[in-house]
Amino acid sequence: MVDGSAGGNGDKEGITRRRFALGMVIASLAGAFGSLFALLKVLAPEKKGGAYATTIQPGDGLVYAQGGNAGTPVVASSMKVGDAVLAYPSGKSSNPANLVQLIKLEEKAFEPPTDTLLTDQGFVAYSAICTHLGCTVSWVANQETPVVSYTECYCHNSIFNPAQGAKVMAGPAPIPLAQIGVKVMQDGTLAFTSNFNGPIGPQV
Amino acid sequence: MVFKWFDERLELKKFKEKFLSKTFPTHPLFLLGETALFSFITLVITGIFLGFLYEPSTKMVSLFGAMVPAAYASVVKIDLLPMGLIIRRIHHWSAMIMIAAVLAHLMRIYFTSAYRKPREINWLVGLSLWGTAMVAAFTGYLLPYSQFSVTATSIAYYMAKSVPWIGGWMSRLLFEGEFPSDGTVPRFFFMHVMLIPTVLIGLIGLHMFILVKQKHTEPHSNRDRREAQGGRRLIGIPIWPEQGVISLSFFLFLLFVVVLMATYIPLNPIETYGPPSPGTPVMRPDWYFLVVYGFLKLVPGNLSFTILGGKITPETIGGVIFPAFTFLVYALIPFLDRSKEPQHYMENPLHRPFMTSFGIGGGVFLCTLVVAGYIDVLHITPKAMTIYAILATAAAWSISYTLLRRYNGKRGNNVKA
């Protein structure tokens with residue numbers, strides 16, 4: 001017999017067999033595809049401590065980070081006022097978070113918020129990782145008055161003043177570079193005396 | 001005779017009558033889309049060659065006495081092969097040309113109002129193609145793993161991370177963990193070689209299918225001809241042999257230009273850039289990212305706040321919100337257009353004061369952002385550059401709008417937009 005209700009359950013109330021079956025299919029498909037989301041966590045692994053977890057310990061010696069004498073200890077007497085080098089803690093150069101910029105200025109040039117207890121004989125060290133988007137900062141040396149040389153990141157032109165605690169003078173960087181203590185040792189090399197006094201790297 | 005052999009097996013005669021004789025309207029501007037397509041084909045062919053030789057790994061290997069990442073060493077070795085350097089340059093130059101052609105094609109569609117009904121869908125497909133092409137170019141840039149590649153990628157990592165709420169997870173998914181990670185290069189290789197080309201080919205197929213279904217827009221001159229029937233009947237030339245031969249010879253001409261550029265103009269000289277090292281050189285991104293680069297230089301560093309637990313930083317504003325907003329504006333254009341009738345002819349941009357001046361103002365704004373990328377060599381402060389950018393955009397928009405309204409007034413044309 002042909003009648004209008006053969007194709008559907010239009011005027012029936014409640015849960016019909018058809019609706020129940022459709023609900024089961026939708027629920028199982030949703031569950032199957034939903035479980036795929038668990039895979040996403042596998043594809044996005046987390047590293048313990050996050051990207052910029054530094055491993056510098058007080059007492060580590062400073063070694064040159066690049067150039068012909070990379071890996072050898074930094075010699076304090078080779079740096080004049082207005083010089084800066086990139087340095088790593090000895091033996092820990094594989095961790096990019098450990099990169100610091102060692103700068104020599106005059107002792108009387110330091111102003112707050114530079115922590116003068118973390119400086120020694122005009123040497124000061126800051127994290128070399130720009131707090132904007134992670135590039136390594138560079139040194140802009142002033143030949144006439146070396147003591148006013150400054151740190152600049154060439155990626156987006158953030159400027160940090162090393163005599164004022166690497167405060168952001170211009171550009172898009174959100175916070176200053178963190179300072180770390182250094183000291184000139186008996187044999188003319190340098191060593192770290194503290195940890196970073198603030199966060200390092202991009203603040204995202 | 002060959003045709004007859006295939007025809008007996010595949011019913012090609014029907015295909016020939018139905019499809020190959022379809023009309024194709026002709027206009028020089030219609031070559032822009034073809035340029036993008038043909039440069040994509042060149043990219044695939046040269047990419048296959050490079051893919052046979054490239055090693056997607058960052059483990060250190062010895063190269064002429066120095067220890068460098070294996071990916072870098074494999075590209076240096078490609079450059080030393082007899083055809084290697086020129087194929088790599090053709091690949092990179094075709095990528096530049098493809099993105100330039102996509103942008104020029106987008107501007108052509110915008111200024112001739114070809115995005116109007118019924119072509120809104122294809123406009124959105126085209127925007128997706130543009131975004132995917134930029135991602136393809138970016139993932140390819142990391143693969144040689146030179147000093148420049150790593151710097152560019154670390155910046156993109158932090159931009160991805162600066163997306164509020166999901167940034168941490170998203171950046172770890174795309175870059176395989178926290179940057180720098182040894183898994184980034186293999187993952188980018190997979191995306192650049194398998195995932196993104198699949199998406200691109202699918203989108204290009206969709207784009208062309210919709211184009212054939214809705215028929216290509218015609219030059220305005222066709223509108224006045226008696227045979228034209230508002231898109232239902234096109235005036236043009238058949239696909240085969242006339243249009244086919246034109247396209248084929250254009251492809252060969254494009255190859256000629258690309259090979260000429262690749263021969264005489266070097267780019268991405270990874271041997272000069274060197275393998276990754278602690279310092280960051282003075283570098284700028286490839287030209288299509290200069291707009292975001294310039295914008296990032298202008299965003300002040302103290303613009304940070306938190307919304308609903310998600311952190312918004314200057315990096316978010318410059319690297320995520322600004323590009324997303326630009327894409328959104330582009331996507332909304334067909335839906336903000338007030339015409340209700342379907343359009344099948346190219347509109348004269350001079351007859352649309354508002355849309356054309358908006359396009360000119362937007363273009364000038366993006367150009368000033370490119371200039372903003374160079375404020376360090378031009379010695380302009382970010383604040384001054386922001387003011388120049390706003391002034392230049394406002395001037396371009398208002399001057400072009402005024403001139404166009406007066407032009408339309410003289411023509412006796414009372415159109416408002």
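Order of the sequence lines fixes the chain letters, A, B, ..., with proteins taken first and strands second; residue numbering starts at 1 for each chain. Quick note: numbers below take in every heavy atom, side chains included, and nothing from hydrogens, waters or symmetry partners.
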Checklist entry - When only pairs under 4.5 Å are counted, which of Val299(B), Ile155(B), Ile312(B), Thr381(B) shares the most heavy-atom pairs with chain A? => result Ile155(B)
Checklist entry - Is it true that Tyr54(B) and Phe189(B) have ring centroids separated by less than 6.0 Å? => result yes
Next on the checklist: I'd like to know whether Val68(B) forms a side chain to side chain contact (heavy atoms under 4.5 Å, CB included) with Tyr145(B), so could you lay out the CA-CA distance, the side-chain angles of the two residues, the decisive distance to 0.1 Å, and finally the verdict.
Outcome noted: CA-CA 10 Å; Val68(B) 298; Tyr145(B) 217 63; over 6 Å; no
Checklist entry - What part of Thr151(B) is in contact with chain A, defined as an atom under 4.5 angstrom from a non-hydrogen atom: side chain, backbone, both or neither? => result side chain
Checklist entry - In terms of heavy-atom proximity below 4.5 Å to chain B, should Ala173(A) be classed as side chain, backbone, both, or neither? => result backbone
Next on the checklist: For Arg187(B), which atoms come within 4.5 Å of any heavy atom of chain A: side chain, backbone, both, or neither?
Outcome noted: side chain
Item to check | Trace of the side chain to side chain contact (heavy atoms under 4.5 Å, CB included) decision for Val291(B) with Phe295(B) | outcome: CA-CA 6 Å; Val291(B) 172; Phe295(B) 193 85; 5.7 Å; no
Item to check | Largest heavy-atom contact set with chain B, pairs under 4.5 Å, which of Gln66(A), Glu152(A), Gln101(A), His156(A) | outcome: His156(A)
Next on the checklist: Can you tell me how far apart OG1 (Thr139(B)) and OH (Tyr141(B)) are? Round to the nearest 0.5 Å.
Outcome noted: 13.0 Å
Next on the checklist: Is there a side chain to side chain contact (heavy atoms under 4.5 Å, CB included) between Arg284(B) and Asp376(B)? Walk through the geometry before answering.
Outcome noted: CA-CA 11 Å; Arg284(B) 287 172 229 279; Asp376(B) 49 332; 3.2 Å; yes
Checklist entry - Looking at Ser158(A), Ser93(A), Cys130(A), Cys155(A), which has the largest count of heavy-atom pairs under 4.5 Å with chain B? => result Cys155(A)
Checklist entry - Considering only heavy atoms, which portion of Thr313(B) lies under 4.5 Å from any heavy atom of chain A: side chain, backbone, both, or neither? => result side chain
Checklist entry - Between Asn98(A) and Thr55(A), do the side chains contain an N or O donor and an N or O acceptor separated by less than 3.5 Å? => result yes
Checklist entry - Considering only heavy atoms, which portion of Tyr293(B) lies under 4.5 Å from any heavy atom of chain A: side chain, backbone, both, or neither? => result both
Checklist entry - Given a strict heavy-atom distance threshold of 4.5 Å, which part of Met170(B) is in contact with chain A: side chain, backbone, both, or neither? => result neither
Checklist entry - For the ring pair Phe175(B) and Phe188(B), is the centre-to-centre distance below 6.0 Å? => result yes
Item to check | Part of Pro278(B) lying under 4.5 Å from any heavy atom of chain A | outcome: both
